[in-house]
Number of protein chains: 2
Amino acid sequence: MAQQIPAPLGRGPKRNLFTHVVASLGLRIIKGELNPALPFPKEADLGAEFGASRSVIREAVKSLAARGLIASQTRTGIRVLEPINWNLLDAEVLNWRYSTMPQAEFYGELFEIRLLIEPEAARLAAIRGSTAEIAIIEKAFAAMSEAARTGTSGVAADLAFHRAILAAAHNALLLQMGNLIAVGLDIAHRLSSESFAVFLPMHQRVLDAIIARDSDAAGNAMRHLLSETREFMSRLIWA
Amino acid sequence: MAQQIPAPLGRGPKRNLFTHVVASLGLRIIKGELNPALPFPKEADLGAEFGASRSVIREAVKSLAARGLIASQTRTGIRVLEPINWNLLDAEVLNWRYSTMPQAEFYGELFEIRLLIEPEAARLAAIRGSTAEIAIIEKAFAAMSEAARTGTSGVAADLAFHRAILAAAHNALLLQMGNLIAVGLDIAHRLSSESFAVFLPMHQRVLDAIIARDSDAAGNAMRHLLSETREFMSRLIWA
DNA sequence: TTTTATCATATTATCAGATAATATGCAGAC
DNA sequence: GTCTGCATATTATCTGATAATATGATAAAA
């Protein structure tokens, strides 16, 4: 039988059908359009809607289930799980949430966690970081400086800086929080592409404290950096 | 053609083929038996190994990919991702990791995070918690007391207590950390089934501080509870 | 009336065997 | 050497089956 023509479906990168279905359903769930109280479309219906075969639909369902968004059962069908089950730290879920929540609210939530995690991570990095690990932090900072000088985007370097600190703290669970930071930086970059240059000196202070193995100073410098960034962003959001 | 008889494969609940394949591969990846440097088996090979059709294998692959463990690409095949991409806070990944890591190491990592998160959560709960939310904390504590009195397992109530505090802190990302606590309590329970009775008074102190809206006291009480628990567990692990 | 046992049915779970898309590496041209 | 085009291996997607299972209806029993 002739292959079905994939429906054009308008916007969206649509790298492949699977990705499209996952993103589309994921977003609908996060938005609340599909929720635990409502009956979820059957595999067959989803297939018809997306112009996809059952295989693709089922793979998408498994992908969303792995993120804690839905569960499926023989005869019962698919159902949306309560938000408490959602893997909010999953990069995709994080982005879907970010794109649907009020910016200020999401940002407040995000920075509350960052302020909880990162100062302690900086403190631990100053204590536990190997010289090699600290060198990576240094290198990331150098890249940030370079980006500031040349006026190119320093988002990647900024992210690398914060991730390197998490890595130097020697706690894998802590490192996981990198996703949060990535989203946070992405927002910051969209709001103000030069913002990170302003905060370069504060990054420097964090770095110096870690190099000096001064754990308290490192923690404080990081706390200061994050507080100031939050302030700065708040002003941008409310402006 | 006759349906293939699902291989008995020995132990394991084996609720269904899909779950079995996911758990089996997930564990192998976490263990490092399958790693980024090694070529990953092809879909066809996996199918042969597990006695499963390609559909099941592909669904399992998507499920593991959603957890950040692997990625697959046309022609290139499947590959294991670097550990930094793993969703360590996913309940399954957490359990796989727990079952393969040295207990002391895992426990240290876990409590480092809990000590970071939960005192602040308790503090915020004392400030932001609605009366209804605080009532839930109270109810969980009552259930813990009851369990202690009757000698039944209080793990569920204990988990409910800590989750209720996270919920009362009004930060969805914070709530996500409940998975960590669940694993932590599970370990504690396996090591010493009566341990939670010992810590009942410390839980009471946390609860009282939250009811009294004394945020600092709540934070300190939680910190104390966790430190003592960690101490207690360390002794058990090394004994 | 209430409970328990039986059964039909709807939906996911799994299987089988296709074709399509695509990244890789090789071979040949420049 | 570098580029271009082609063959190939592997995943991506489709199609159409059969199997397993939870649900609700129905019937039987208490």
Side-chain angles (χ1 to χ4, degrees), chain A residues 1-9 12-25 29 34 36-66 68-81, chain B residues 1-9 12-25 29 34 36-66 68-81:
Chain A
M1 197 137 302
Q3 291 298 97
Q4 194 154 352
I5 295 158
L9 263 196
K14 184 89 158 301
R15 290 201 297 273
N16 57 36
L17 244 181
F18 166 79
T19 306
H20 176 243
V21 173
V22 169
S24 179
L25 290 178
I29 292 167
L34 293 169
L38 258 46
F40 203 90
K42 293 173 285 189
E43 286 181 356
D45 295 339
L46 291 172
E49 178 190 343
F50 288 103
S53 70
R54 248 190 94 202
S55 324
V56 170
I57 299 299
R58 284 185 57 78
E59 286 164 20
V61 164
K62 293 300 184 187
S63 184
L64 292 169
L69 298 186
I70 61 181
S72 85
Q73 210 178 12
T74 308
R75 156 85 211 208
T76 309
I78 305 165
R79 65 183 204 283
V80 175
L81 298 181
Chain B
M1 195 138 300
Q3 290 300 96
Q4 195 154 352
I5 296 156
L9 264 196
K14 184 87 158 305
R15 291 200 297 272
N16 56 36
L17 243 182
F18 166 80
T19 305
H20 175 244
V21 172
V22 169
S24 180
L25 290 178
I29 293 166
L34 293 169
L38 259 47
F40 203 91
K42 294 174 284 191
E43 288 180 353
D45 295 340
L46 291 173
E49 178 189 343
F50 289 104
S53 71
R54 246 191 97 201
S55 323
V56 169
I57 298 299
R58 284 186 57 78
E59 286 164 19
V61 164
K62 292 301 183 186
S63 183
L64 293 169
L69 298 186
I70 60 182
S72 86
Q73 211 178 12
T74 307
R75 157 84 210 209
T76 310
I78 305 165
R79 75 199 140 84
V80 175
L81 297 181

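Chain identifiers are assigned alphabetically (A, B, ...) following the order of the sequence lines, protein sequences preceding nucleic acid strands; residue numbering begins at 1 within each chain. For clarity, every value in this text was computed on a predicted model and none was experimentally measured.
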Using a cut-off of strictly less than 4.0 Å between a heavy atom of the residue and any atom of DNA chain D, enumerate the qualifying residues of residues 56-64 of chain A by number.
A:V56

For a side-chain contact (heavy atoms from CB on, under 4.5 Å) with A:L64, tell me which candidate from A:V80, A:V22, A:L81 qualifies.
A:V22

Could you walk me through whether A:F18 and A:S63 pass side-chain contact (heavy atoms from CB on, under 4.5 Å), step by step?
CA-CA 10 Å; A:F18 166 79; A:S63 184; 3.8 Å; yes

Flag side-chain contact, heavy atom, 4.5 Å: B:F50 against B:D45:
no

Consider the side chain of A:S53, meaning its heavy atoms from C-beta on, and name the nucleotide among D:dT13, C:dT22, D:dA20 that approaches it most closely.
D:dT13

Nucleotide D:dT13, atom C1' - distance to CZ of A:F50 in whole Å
16 Å

Between P of D:dT13 and CZ of A:F18, the distance in whole Å
8 Å

Starting at NZ of B:K42 and ending at P of D:dT10, how long is that distance when rounded to a whole Å?
4 Å

What is the minimum heavy-atom distance between A:E43 and A:I57, and which atoms define it?
O-CG2, 4.0 Å

Could you check whether A:S55 gets within reach of a base, just the sugar-phosphate, or nothing at all, counting any heavy atom under 4.0 Å?
base

Any side-chain heavy atom of B:P41 within less than 4.5 Å of one from B:L34?
yes

Measure from CZ on A:R54 to C1' on D:dA12 and round the result to the nearest Å.
17 Å

Rounded to whole Å, the CG-P distance (A:L46 to D:dT13) equals 15 Å

Given atom CZ of B:R79 and atom P of D:dA9, what is their separation to the nearest angstrom?
21 Å

Kindly give the heavy-atom pair with the smallest separation between A:G51 and A:L17, and that separation in Å.
O-CD1, 4.1 Å

Quick one: label B:T76 by what it contacts on the DNA or RNA (base, sugar-phosphate, nothing), any heavy atom closer than 4.0 Å.
sugar-phosphate

Could you state the CD1-C1' distance from B:I78 to D:dT10, rounded to the nearest angstrom?
9 Å

Between C1' on D:dT13 and CG on A:L17, what's the gap in Å once rounded to a whole number?
8 Å

Would you kindly check whether a donor in the side chain of B:R75 faces an acceptor in the base of D:dA12, or vice versa, at under 3.5 angstrom?
no

side-chain contact (heavy atoms from CB on, under 4.5 Å), that's the test. Do A:L25 and A:L46 meet it? Break it down for me.
CA-CA 10 Å; A:L25 290 178; A:L46 291 172; 4.0 Å; yes

